[in-house]
Amino acid sequence: MKKVLSLFLVALLAVTMLAGCGETTPPAAENTPAASNPAVEVPPADNGNDKLVVGFAQIGQESGWRDAETNDIMWYAAQNIDTIELHFADAQQKQENQINAIKAFIDMGVDVIGLPPVVSTGWDAIFAEANEAGIPIILVDRNIEGWEDMEGVTFIGSDVILEGQNAAEEIATLLGGSGNIVELQGTVGSSAANDRYKGFHDRIEEKYPDIKVLDSQSGDFTRAGGKQVMESFLKTYPGQIDAIYAHNDDMVLGAIEAIKEAGLRPGEDIKTVSCDGVRAIFEAMIAGEANVTVECSPLLAAQFFQAAQDLKDGKSLPKFIQADEDVYRRETAEADLPNRKY
Ligand code: GYE
């Protein structure tokens, strides 16, 4: 029910955004300071609105984690309706749709644009347009190549390489330092997948020579993708897989179904380590079907809107604002579940 409601809200807000475009919003040319350089030196576009006007180009609804992030953003904006005007777009996991949403936000003359870029390349032209218009960009949870050196760009999210390293340590503990694993990668070309791959592989190579990665393929961060890839791994490596490392919980949840259908016991015959920390993985841990989740918090709305307000007020921000997170194991899952907020 909650999910249906939130999806409806997403649709409604997306519609509001499109309806608002062109009707109530003055054209960008009237609002935009002419400048070739970024927000750090140029005041953000003055849209004549006292409220903080934010355009958020969400990736889509690929995982429970993503839904939690969307709900958090929506909820925060709804709580602060007197001071925040949110324009929200759902790009259905397509970079092209995110770019079009950003274009629309630039035309509207929003104060700040937020987005988790679905992939980490291909943003130069549209980011340059935002820059020209004096609109700062906040990357949320995923980043892009070279973001550290881009002016007018801030990143709020996790240390995702560290998540990959933590996942490697957890796999090593579960396997007593040796065994065969398979890896389910996230969306190809996304920073979340690249960094979870890097952190994990570097740590395994450095410290655990007896852990072998049999295979590694993308399940696109979805449950259906995780199930499908796991089915093929089980056929290709019968009786050889000791553990799975998945770049998110949803893919492990899909893989658990595949393991059960193959007549094996997930969490026992094949151990699991994944990233995110969604409620469903805690339920799977309590049921004995999953082992470990490395938390990655989607609850970034408070930090995001605060940063956006600071940018509107002309304050300078740190390049990287880090989210809080932890690692959770089966042993404490029952006690932890009631405290989970997503
Ligand atoms: O882990 C995954 C989602 O970008 C950190 O994206 C995020 C990832 C998250 O689809 O579930």
Side-chain angles (χ1 to χ4, degrees), residues 3 6 10 56-73 90-95 97-98 114-121 123 138-145 147 155-167 170 183-200 218-227 229 244-256 272-282 284 290 292-301 303-304 320-328 340-342:
K3 178 147 186 175
S6 70
V10 172
F56 196 88
Q58 181 57 288
I59 291 178
Q61 298 158 35
E62 74 279 7
S63 63
W65 190 98
R66 186 65 54 202
D67 294 343
E69 181 183 71
T70 293
N71 287 342
D72 193 42
I73 298 270
D90 177 339
Q92 305 190 344
Q93 272 183 283
K94 294 202 174 72
Q95 181 175 33
N97 293 345
Q98 279 191 307
L115 79 149
V118 59
V119 290
S120 63
T121 54
W123 300 98
I138 303 179
L139 302 174
V140 186
D141 81 75
R142 292 189 194 176
N143 55 44
I144 66 174
E145 275 176 22
W147 69 273
F155 173 44
I156 301 179
S158 312
D159 182 341
V160 180
I161 293 188
L162 179 64
E163 290 170 5
Q165 292 166 346
N166 287 339
E170 295 296 324
E183 178 178 21
L184 297 169
Q185 295 184 36
T187 299
V188 174
S190 67
S191 67
N194 292 343
D195 291 352
R196 285 180 186 153
Y197 181 95
K198 183 173 171 27
F200 184 84
S218 173
D220 206 15
F221 279 132
T222 65
R223 218 179 257 226
K227 182 172 185 206
V229 175
I244 316 173
Y245 165 48
H247 292 184
N248 80 348
D249 295 336
D250 276 64
M251 291 189 291
V252 153
L253 292 164
I256 286 172
T272 77
V273 175
S274 49
C275 301
D276 276 359
V278 297
R279 288 184 72 88
I281 202 76
F282 281 82
V292 177
T293 184
V294 175
E295 184 180 36
C296 175
S297 178
L299 306 180
L300 303 171
Q303 285 168 297
F304 171 73
F320 176 42
I321 301 173
Q322 191 169 354
D324 292 335
E325 45 225 351
D326 216 329
V327 174
Y328 294 89
R340 301 302 298 165
K341 296 199 178 71
Y342 64 95

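In each ligand, atom 1 is the first atom listed, and ligand 1 is the first ligand listed.
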Review point. Do Gln61 and Asp90 meet the criterion of a side-chain donor-acceptor pair at a distance under 3.5 Å?
Key: yes
Side chain to side chain donor-acceptor pair (under 3.5 Å) filter on Gln185, not counting sequence neighbours, yields Ser216
Note to self: Do Lys94 and Val118 make a side-chain contact, defined as non-hydrogen atoms from C-beta onward lying under 4.5 Å apart?
What the structure shows: no
Report yes if some heavy atom in the side chain of Met251 is under 4.5 Å from a heavy atom in the side chain of Val229; otherwise report no.
no
Lining ligand 1 at under 4.0 Å, by non-hydrogen atom distance, are residues Glu62, Ser63, Trp65, Arg66, Asp141, Arg142, Ala192, Arg196, Phe221, Asn248, Asp276, Cys296
Sorted by chain and residue number, the side chain to side chain donor-acceptor pair (under 3.5 Å) partners of Asp141 (sequence neighbours excluded) come out as Arg66
With sequence neighbours left out, the residues meeting ring pair (Phe, Tyr, Trp, His ring centres under 6.0 Å) with Phe155 are Trp147, Phe320
